[in-house]
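Reading through the structure tokens given below for one structure.
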Amino acid sequence: MNIQDKIINTVPVFEVSETLKDVIKFFEETTFSHVGVTENGTYLGLLSENDLACFEPKKKIDEFRLEMESFFVTKETAWLDVLEMFSRNEANVLPVLDADRLIIGYYDLEDVVDMFIDTPFFREPGAILVVSIGIKDYSFSEIAQIVEGNNARLLGAFITASENDIIEITLKVGTQSLNEVAQTFRRYNYTIVYGNSDDQFLEDLKQRSDYLEKYLNV
């Protein structure tokens, strides 16, 4: 995935010696969360749209030096790390720096997400299965073995939650029937958080609960 093709140069860069007048105009006319600031051409930090109410047109950007945020990525940063950087900093735009700390452009969150959606994880036919297990018992190789041991293809997997030493893994499985895969995960002590409606175990539970409810109502 060549994420470098998504670097844009339509977002401005401001020098720390400039006034905030054009910065205010930029934030008022766009939906971007941040904008880059340089000092003598070298990356200094980012001004945040969240501070817009504090900006005064005649003040110098330099007066907000201590409030600037400092995150960035480089051309070599992998696309998953780029997504993590967006999430960690609650940003929708990221400056891309070269080896000399010069801003060569930006990544727009929407463009990067579009690339992610265009991957086989989303495009290829298959089924979504979400499982959870204790973090000490987590093994990606075991997950792949369980899926492939049921003559299914593992199209992708990533950790989507982690809380109280329990992690949740979302899988894209190249099969339309998850029943055997789900049953095998249960035998390996995984909890099925979400699976397709053809999961026989869940269907059995539903039928038994319906029967019990009718019995109690007699």
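No experiment lies behind these values; they were computed from the predicted model shown.
In the hydrophobic clustering of this structure, I159 does not group with L155; members are Ile, Leu, Val, Met, Phe, Trp, Tyr whose side-chain heavy atoms approach within less than 4.5 Å, directly or through other members.
Annotation for F32 and D108: closest pair CE2-OD2, 3.8 Å, computed over non-hydrogen atoms. I133 and Y138 get closest at one heavy-atom pair: CG2-CA, 4.1 Å. Residues V193 and V131 come closest through the heavy atom pair CG2-C, 4.2 Å.
From I146, atom CD1 reaches atom CD of Q183 across 12.5 Å, with rounding to the nearest 0.5 Å. With rounding to the nearest 0.5 Å, the separation of CG in L97 from OG1 in T74 is 8.0 Å. How far CG of N150 is from OG1 of T184: 3.5 Å, rounded to the nearest 0.5 Å.
A donor-acceptor pair under 3.5 Å is absent between the side-chain atoms of Y107 and the main chain of F86, judged by distance alone. The main-chain N or O of K75 is found under 3.5 Å from a side-chain atom of Q4 such that the two form a donor-acceptor pair.
By the 4.5 Å heavy-atom criterion applied to side chains, L171 and F185 are counted as neighbours. You'll find the side chain of M115 stays beyond 4.5 Å of the side chain of W79, heavy atoms only.
Side chains of Y188 and Q145: a donor-acceptor N/O pair is absent below 3.5 angstrom, by distance only.
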